[in-house]
Structure formats: C-alpha cells, structure tokens
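As the structure is a computational prediction, the values presented were derived from the model and not from experiment.
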Amino acid sequence: MNQYALIPKIPPALRRLRRHYEIKGDPALVSIIDSAQVYVERCTEYDNWNGGTFGHDVFLFVPENIMDLIDLDQQASVFERLRDDLNKATPEVENEYVHAVYVKISDEMDPQFQASISFTGKPQIIPERTGLWKTNNLRIFLSHRDKHKGVAHRLAEALEPFGISSFVAHDAIKPMREWEKEILNALMTMEVMVVLLTDDFHESEWTNQEIGFALGKGIPIICIKAGTTDPCGFIGSKQALKAPYDDISAAAPKIHRVLINEIGQEGRLKEILIESFISSPNYIETMERLERLTHTADRLTDKEFERIKEGYAGNPQLYSCAGIHNRGNWFKRYLESATGKKLEFNIGEIIELIPSAENKLPF
C-alpha cells in the first residue's frame with residue numbers, strides 16, 4: 001500500500017486553519033473544524049505528470065446543528081474554500097494535494113464516518129452533549145476563585161439575556177459527576193474565557209491553569225477587574241474591564257460590547273438574539289429582546305431578515321405587541337434601517353414593498 005505523505009499532515013493543517021478562521025472572525029468555519037470527525041479517501045485523482053501526482057478527498061463529519069451553519073446555496077464555495085486553504089497549509093508536500101473537501105452530517109451507519117477520527121486525534125467532545133451549556137448560546141467559561149462563586153453566578157445571570165451561556169464551576173456541575181472532568185469538558189468546549197479578577201485570583205493554581213488552558217487553545221480572554229489587582233503573567237498585556245464587586249452585573253453589557261467589537265462574535269451573537277426575539281414569550285420580553293437586538297445588529301442579511309419575517313408571522317407576542325409598533329414605529333424603522341428595504345406591516349405579516357418599474361425611471 002502506498003504511503004502518502006499528505007495524509008498525516010491533514011490534522012495539523014486543520015488546527016492551523018482553525019486558528020486562521022478564528023483570527024479572521026469566521027466562527028462558522030471554526031465550529032465546523034472543532035466538531036469535525038475527519039476521514040481521508042486516498043488517491044481519488046491521479047495524474048502521471050512529474051512522476052505521478054495524487055489527489056485525496058477529505059470528509060469532515062459534523063453534527064446536524066453544525067451543518068446548519070452552511071447555507072445550502074453557498075455550500076460549494078465553502079467546500080472549495082476549505083480545499084484551497086488545506087492546500088495552502090500543506091505546501092511542503094510534493095506530488096500530493098487535496099482534491100476535494102466535503103462536509104457531511106455525522107451518520108453512525110456510514111462506513112466513512114465509522115473510520116473517521118477527530119481532527120485532534122482525540123475523542124470528540126460535543127458541547128451539546130456535555131449538559132453544561134444552553135443550546136445555541138455563546139459558551140463562556142467564567143474563571144473565578146471558589147469563594148466568589150456567588151458573584152460569578154450573578155455575572156452569569158446578567159450575561160444570559162445577551163445569548164451567553166456561562167460555566168461557573170461547582171454551580172453548573174450536576175451532583176454525582178466528577179467535578180475535575182466536568183471542568184475539563186467546559187474548558188475543552190468553551191468559546192471565550194471571562195476572568196473574574198479578584199485580589200486573590202492569582203493565588204490559586206486552578207485559576208492560573210485555566211488561563212493557561214485558554215491561552216494554549218487560542219481562546220479569547222476578557223478580564224473583569226473586580227478588585228485592585230491588575231492582570232499579570234501572560235494576560236498582563238490585556239486591558240481589564242472595571243466593574244464594582246458589589247454590582248458585578250454592570251460588567252455584562254461591557255462584555256457584550258467587547259465580544260462584538262474586539263473578538264469578532266457579532267455574527268454569532270446576532271443569530272442568537274434573532275432567535276431569542278422571535279421566540280419571545282410575552283410583550284415585555286419582546287420589547288427587551290428587540291432592544292438587545294437593535295444594540296447588536298446594525299445590519300441584517302436577507303437570510304436574517306427572512307428569519308425575522310417567519311418568526312414574526314408565527315408569534316402573536318410579536319405582531320400584537322404595541323410596544324414595538326408604537327414609539328414612532330420602532331420595529332419598522334429598525335428593520336428598514338438594517339435592511340435598506342421599504343416595509344409595510346399587516347397583522348402577522350411583514351411585507352416588502354418592491355418599487356415598480358415606473359418609479360425607477362429617471363424622468
């Protein structure tokens with residue numbers, strides 16, 4: 001059997017791509033790689049030029065909810081981008097190349113899936129299966145000293161309305177589970193770390209190790225200065241956000257702004273807040289959730305607009321809510337500004353007004 005040099009280089013190339021996509025602010029591709037089980041079909045293309053060149057196909061198996069991140073109309077271009085980037089990440093391999101990349105839904109009956117491995121070569125931890133996170137929320141590990149668990153819990157509660165699920169050790173862990181294993185699962189599946197920086201924070205080897213884990217994994221870190229101590233060590237260069245210890249909830253909107261403006265999580269948070277808005281259970285929540293959405297999303301794509309239209313039509317807590325339709329047509333003005341469309345509202349309907357050809361004439 002031929003020994004192909006490119007095959008063992010695929011997992012480290014995927015790790016490099018994951019970091020590249022994270023820096024570029026492409027959370028969908030990061031999630032695809034994070035959750036992928038990898039299978040390589042050897043020598044799917046051969047050319048006898050230059051002594052023989054071999055092309056291999058790479059299959060990335062992901063959970064169904066991760067597959068949903070790939071728009072069906074954009075699927076071909078996503079596959080092509082992954083293929084091209086994998087080839088860029090392995091330029092040292094001569095006479096071999098990635099011929100194609102396919103992202104598929106994990107299927108335990110598929111022989112290729114059965115032969116696949118995680119891109120790290122380790123057993124895959126799926127965030128949704130850990131029982132530690134709320135579904136479809138941004139996952140934040142809240143690092144803190146154990147005696148400040150109550151304050152950390154209040155901060156977690158304040159972050160929840162922004163579509164953020166926070167792991168607070170000993171608070172999120174269910175009884176009878178091994179707490180060290182659960183903390184490790186949370187660290188493995190977190191997307192951002194928030195450090196509750198109290199004056200005794202760096203005295204604990206556990207909190208220092210948690211920071212080291214985040215740094216080694218390339219996870220963004222946000223420091224909340226709740227005492228007089230400044231960040232030190234490898235996070236010493238990070239500007240800490242200030243929040244009073246007795247009113248730690250005040251840090252929540254600051255963290256939200258950092259996630260949007262500095263860590264490139266706008267798209268992810270926007271999707272979460274849209275889903276939160278269209279599933280609102282009552283009028284008060286409708287107004288509060290719309291306010292959070294308007295503060296996060298200045299622009300909406302056509303796909304996001306269609307999702308809002310669909311949710312609006314099916315939820316009377318939206319279309320019957322006077323609070324979002326009064327105040328100078330608040331909701332209508334927001335949608336028109338965010339989409340550039342002219343809209344009309346009927347009961348349960350958002351109607352896009354299409355300019356007639358006559359109106360388009362320049363005379």
Side-chain angles (χ1 to χ4, degrees), residues 1-129 184 187-189 191 213 215-219:
M1 187 170 109
N2 288 330
Q3 297 298 314
Y4 298 108
L6 181 61
I7 307 303
K9 295 185 181 295
I10 295 297
L14 284 170
R15 290 196 291 272
R16 182 181 179 192
L17 290 190
R18 184 205 181 281
R19 180 61 178 155
H20 172 74
Y21 295 142
E22 188 174 51
I23 293 171
K24 292 291 185 180
D26 201 329
L29 289 177
V30 171
S31 296
I32 288 169
I33 294 177
D34 273 345
S35 61
Q37 295 281 124
V38 184
Y39 175 78
V40 180
E41 186 77 32
R42 293 169 171 81
C43 196
T44 55
E45 185 173 78
Y46 173 75
D47 193 304
N48 60 9
W49 180 82
N50 195 28
T53 58
F54 303 88
H56 312 293
D57 289 354
V58 177
F59 293 84
L60 304 177
F61 290 95
V62 300
E64 190 169 350
N65 67 306
I66 299 296
M67 193 71 187
D68 290 342
L69 298 175
I70 303 177
D71 188 288
L72 189 60
D73 295 331
Q74 302 298 320
Q75 178 172 282
S77 62
V78 171
F79 292 179
E80 289 173 6
R81 180 180 177 188
L82 287 166
R83 178 200 65 196
D84 293 345
D85 288 349
L86 271 176
N87 282 317
K88 291 177 188 175
T90 53
E92 72 280 9
V93 182
E94 296 181 357
N95 292 41
E96 290 184 56
Y97 59 95
V98 176
H99 168 248
V101 172
Y102 303 98
V103 183
K104 299 175 65 176
I105 295 175
S106 300
D107 179 2
E108 294 182 0
M109 302 302 293
D110 188 325
Q112 292 178 331
F113 175 75
Q114 293 170 1
S116 66
I117 61 170
S118 68
F119 85 97
T120 62
K122 299 177 182 178
Q124 186 65 40
I125 301 175
I126 306 300
E128 292 75 13
R129 297 179 185 173
L184 185 59
L187 288 167
M188 290 291 293
T189 54
E191 295 174 275
F213 194 103
L215 289 169
K217 199 165 180 272
I219 295 294

Worksheet entry | With sequence neighbours excluded, residues passing side-chain hydrogen bond (donor to acceptor under 3.5 Å, both in side chains) with Tyr102 | none

Discussion item. Evaluate Asp34 against Ile66 for side chain to side chain contact (heavy atoms under 4.5 Å, CB included), listing each step before the verdict.
Written reply: CA-CA 10 Å; Asp34 273 345; Ile66 299 296; over 6 Å; no

Worksheet item: Residues two or more places apart in sequence or in another chain: which of them pass side chain to side chain contact (heavy atoms under 4.5 Å, CB included) with Ala115?
Response: Tyr39

Worksheet item: Are the side chain of Glu96 and the backbone N or O of Ala5 linked by a donor-acceptor pair below 3.5 Å?
Response: yes

Item to complete: Could you pull out all residues at least two apart from Lys9 that satisfy side chain to side chain contact (heavy atoms under 4.5 Å, CB included)?
Response: Thr90, Glu92, Val93

Practice prompt. Kindly state each residue pair satisfying ring-ring contact (aromatic ring centres under 6.0 Å, His included) with at least one member in residues 61-80, sequence neighbours excluded.
Written response: Phe61-Phe113

Worksheet item: Under the salt bridge (charged side-chain N to carboxylate O under 4.0 Å, His left out) test, which residues partner Asp85, sequence neighbours left out?
Response: Arg81, Lys88

Worksheet item: ring pair (Phe, Tyr, Trp, His ring centres under 6.0 Å) with Tyr46: which residues, sequence neighbours excluded?
Response: Phe54

Practice prompt. Report the C-alpha separation of Gln75 and Met67 in whole Å, then their side-chain angles, then the decisive distance to 0.1 Å, and conclude whether the side chain to side chain contact (heavy atoms under 4.5 Å, CB included) test is met.
Written response: CA-CA 10 Å; Gln75 178 172 282; Met67 193 71 187; 3.9 Å; yes

Discussion item. Suppose we screen for side-chain hydrogen bond (donor to acceptor under 3.5 Å, both in side chains). Which residues come up paired with Asp84, at least two apart in sequence or across chains?
Written reply: none

Response to the item:
Here the pair of heavy atoms bringing Ser31 nearest to Ser35 is O-OG, 2.8 Å

Worksheet entry | With sequence neighbours excluded, residues passing side-chain hydrogen bond (donor to acceptor under 3.5 Å, both in side chains) with Asn87 | none

Practice prompt. Can you measure from CD1 (Ile7) to CD (Glu41) and round to the nearest 0.5 angstrom?
Written response: 10.0 Å

Worksheet entry | Considering all heavy atoms, the nearest Pro63-Ser106 contact | N-OG, 3.8 Å

Worksheet entry | Side-chain heavy-atom pair Leu6, Val40 within 4.5 angstrom cut-off | no

Discussion item. Can you list everything that forms a side chain to side chain contact (heavy atoms under 4.5 Å, CB included) with Ser77? Sequence neighbours excluded, please.
Written reply: Gln74

Discussion item. Working note: Ile70 + Val62, criterion side chain to side chain contact (heavy atoms under 4.5 Å, CB included); need CA distance, chi angles, decisive distance, verdict.
Written reply: CA-CA 11 Å; Ile70 303 177; Val62 300; over 6 Å; no

Worksheet item: When Asp57 is tested against each of Arg42, His99, Gln112 for side chain to side chain donor-acceptor pair (under 3.5 Å), which residue passes?
Response: His99

Discussion item. The criterion is side chain to side chain contact (heavy atoms under 4.5 Å, CB included); which residues satisfy it with Ile23, sequence neighbours excluded?
Written reply: Arg19

Discussion item. With a sphere of 6.0 Å drawn around CD of Glu45, does it hold more than 12 non-hydrogen atoms of other residues, nucleotides or ligands?
Written reply: yes

Discussion item. For a 4.5 angstrom cut-off between non-hydrogen side-chain atoms, does Leu60 reach Val38?
Written reply: yes

Item to complete: Mind jotting down which residue pairs meet the salt bridge (Lys or Arg N to Asp or Glu O under 4.0 Å) criterion with at least one end in residues 68-79? Sequence neighbours excluded, please.
Response: Asp71-Lys303

Worksheet entry | Atom pair CD1 (Ile10) and CG (Leu17), whose distance is rounded to the nearest 0.5 Å | 9.0 Å

Worksheet entry | Close side-chain approach of Leu187 and Ile219, heavy atoms under 4.5 Å | no

Worksheet item: Of all residues at least two apart in sequence or in a different chain, which pass the ring pair (Phe, Tyr, Trp, His ring centres under 6.0 Å) check with His56?
Response: Tyr4

